[in-house]
2 protein chains.
Amino acid sequence: MIDRSARRKQIPEPTIARLPIYQRITTELLRGGQTTVSSDQLGRLAGVTAAKVRKDLSSIGSLGTRGSGYDAAALVAGIAATMGAGETWRVAIVGVGNLGRALINTRGFLTRSYNLAALIDSSPDLIGTTVAGVAVQGVEEAAASLDEPIDIGILTLPAHAAQTAADQLIGLGAHSILNFAPAVLSCPPEVRVRYVDLSIELQVLSHYARSAEAGRGGLLSSVGIQPTTAPGSADARGAARRS
Amino acid sequence: MIDRSARRKQIPEPTIARLPIYQRITTELLRGGQTTVSSDQLGRLAGVTAAKVRKDLSSIGSLGTRGSGYDAAALVAGIAATMGAGETWRVAIVGVGNLGRALINTRGFLTRSYNLAALIDSSPDLIGTTVAGVAVQGVEEAAASLDEPIDIGILTLPAHAAQTAADQLIGLGAHSILNFAPAVLSCPPEVRVRYVDLSIELQVLSHYARSAEAGRGGLLSSVGIQPTTAPGSADARGAARRS
DNA sequence: CAATGTGAACAGTTTCACAGCT
DNA sequence: AGCTGTGAAACTGTTCACATTG
């Protein structure tokens, strides 16, 4: 057994989630004719510190040139490589309600890299209809007609049906699940689940709105603690303060 | 000035995001006739460790009873109080396309606590139409007709229009923004922004799917490192392993 | 000289272990 | 005896500062 797992050290998850942002911004800059980006500019546009940009980018290899910055095209390609673009992922969506249909039709969600391999729903009213050129099937039907396993499953259905559907997706080969249902899934550890819980997002905002409200007659959370950036949320924030 | 800001110490953001999960689960248990929950059970159902549950809940006050657990009803009420439920938040949605409409119609997203105060879009085709009983307006129109400021703004529009819309929402009073557009917003620090970037979610999953694929002929990321739980994602994961 | 890459300090969360109630 | 509440330890990610390099 030689070295294997050469990828330097496993990239931290927050970094993984920021890479597509850098990629998007850099692509935009490229389109504007810019051929090189500095960590400073990238940070400003992404709402993070320049140091974070450098740490993040260094984890995918040394793509920058000291003194001048990162080559925009190389950067985009480098991020694409780490993110697994280039490959085409077979996606199945379970739940063809409002949200499912909206996702399918949202430009920029299912790009070239994602192939809608199956559209699954349990409602007899929907089975047999076609959305975006793909026929809606029941689970058994889908299982029978799929010749290759799927890679990614998306759950856009009510909470009570989520666990069953997740199990079925795993049965169809999914190793990754994007779950929009407000339910915690119990899956084997090799299956990666990401939760997008819209009602939780609103509730988190409510909580802070509540604090802000209280703050109106007292302390404002962001006054004068840090001279540079507000302590703020965990992720990207308003950039462009000074310079 | 007496004490003020009595809330023990400011609850960490990851905790804030988990509280609604505990609340949801406990509500469900209550409905099933259970009057008391242990951190262990709650953890199992929420896909987190019992210790984390206890730390999380301790940050909103001592609601548990040693020896028997948490009173389910009191727990739900306690979480509701910290999350700012009970109040009604005025929400404006900008962008009445697929996603905007889907959110409005998704049961469980805009609950009693959220009042859809304005529906804004720039398209003349949409202005004047009605969605879920609310008329779609242009921005100026909405600004003129609103008598009270809004609390929360939701952006469901293309990236290129996001910053302008965010500025307008802030102009309408928003201190919290939920941004679905794939764009980083630049907002004053007192405005709390949460990003839900669907294409990034898919890309993150792709990245891990890619690793898993490579792993098929080599190491499986979750083998034998931790005897208890897999290192897994940052948030809730498959629970119910033993016990 | 400008801007990257990175070790070291720092900060925020999670996990552990156990004292303290009931 | 059972289960919470919480300091202390461990860990993970961020920020800092600076040596390094084109």
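Because the structure is predicted, anything quoted here is derived from the model rather than measured.
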Answer with base, sugar-phosphate or nothing: what part of the nucleic acid does Leu63(A) contact at a heavy-atom distance below 4.0 Å?
->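 Touches sugar-phosphate only.
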Could you tell me which residues satisfy side chain to side chain donor-acceptor pair (under 3.5 Å) with [X], sequence neighbours excluded, listed by chain and number?
{"X": "Thr26(B)", "result": "none"}
{"X": "Arg90(A)", "result": "none"}
{"X": "Glu201(A)", "result": "Arg194(B)"}
{"X": "Asp197(A)", "result": "Ser199(A), Arg24(B)"}

From [atom1] of [X] over to [atom2] of [N], roughly how many Å is that when rounded to an integer?
{"X": "Leu57(A)", "N": "dT4(C)", "atom1": "CG", "atom2": "P", "value": "9 Å"}
{"X": "Asp40(A)", "N": "dT4(C)", "atom1": "CG", "atom2": "C1'", "value": "12 Å"}
{"X": "Leu75(A)", "N": "dG5(C)", "atom1": "CG", "atom2": "C1'", "value": "15 Å"}
{"X": "Gln10(B)", "N": "dT13(C)", "atom1": "CD", "atom2": "C1'", "value": "15 Å"}
{"X": "Ile60(A)", "N": "dT6(C)", "atom1": "CD1", "atom2": "P", "value": "13 Å"}
{"X": "Ile11(A)", "N": "dT6(C)", "atom1": "CD1", "atom2": "P", "value": "14 Å"}
{"X": "Glu13(B)", "N": "dG13(D)", "atom1": "CD", "atom2": "C1'", "value": "15 Å"}
{"X": "Lys52(A)", "N": "dT12(D)", "atom1": "NZ", "atom2": "C1'", "value": "13 Å"}

Which atom pair, heavy atoms only, marks the closest approach of Tyr195(A) to Leu185(A)?
-> OH-N, 2.9 Å
At their closest point, which heavy atom of Gln23(B) faces which heavy atom of Val76(B), and how far apart are they?
->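 That would be NE2-O, 3.6 Å.
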Please set out all donor-acceptor pairs under 3.5 angstrom arising from side-chain atoms of residues 152-164 of chain B, sequence neighbours excluded.
from, atom 1, to, atom 2, distance (Å)
Thr156(B), OG1, Val94(B), O, 3.4
Thr156(B), OG1, Gly95(B), O, 2.7
Gln163(B), OE1, Ser186(B), N, 2.8
Gln163(B), NE2, Asp167(B), OD1, 3.0
Gln163(B), NE2, Ser186(B), O, 3.0

Phosphate-side-chain proximity, [X] and [N], N/O vs OP1/OP2 below 4.0 Å:
{"X": "Arg54(B)", "N": "dC18(C)", "value": "no"}
{"X": "Tyr70(B)", "N": "dG5(D)", "value": "yes"}
{"X": "Thr49(A)", "N": "dT15(D)", "value": "yes"}
{"X": "Ser38(A)", "N": "dA3(C)", "value": "no"}

Restricting both atoms to N or O, compile the protein contacts to nucleotides 20-22 of chain C shorter than 3.5 Å, with distance only.
from, atom 1, to, atom 2, distance (Å)
dG20(C), N3, Arg66(B), NH1, 3.2
dT22(C), O4', Arg66(B), O, 3.1

Ala51(A) side chain, from C-beta outward: closest of dT14(C), dC16(D), dT4(C) | dC16(D)
Could you work out which one of dG13(D), dT13(C), dG5(C) sits closest to the side chain of Ser58(A)?
-> dG5(C)
Return all side-chain donor-acceptor pairs below 3.5 angstrom for residues 106-114 of chain B, not counting sequence neighbours, or 'none' if the list is empty.
from, atom 1, to, atom 2, distance (Å)
Thr106(B), OG1, Ala102(B), O, 2.6
Tyr114(B), OH, Leu202(A), O, 3.4
Tyr114(B), OH, Ser206(A), OG, 2.7

Show me the side-chain donor-acceptor pairs of residues 29-38 of chain B shorter than 3.5 Å, one per line, residues at least two apart or across chains.
from, atom 1, to, atom 2, distance (Å)
Arg31(B), NH1, Glu28(B), OE1, 3.4
Gln34(B), OE1, Gln41(B), NE2, 3.4
Gln34(B), NE2, Thr36(B), O, 2.9
Gln34(B), NE2, Gln41(B), OE1, 2.6
Thr36(B), OG1, Tyr70(B), O, 3.1
Ser38(B), OG, Asp40(B), N, 3.4
Ser38(B), OG, Gln41(B), N, 3.1

Are any of the side-chain nitrogens in Arg18(B) or Glu13(B) under 4.0 Å away from the carboxylate oxygens of its partner?
->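 So Arg18(B) does not pair with Glu13(B) through a salt bridge.
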Using the 3.5 Å cut-off, write out each protein N or O paired with an N or O of nucleotides 7-10 of chain C and the distance between them.
from, atom 1, to, atom 2, distance (Å)
dG7(C), O6, Lys55(A), NZ, 3.2
dA8(C), N6, Lys55(A), NZ, 3.3

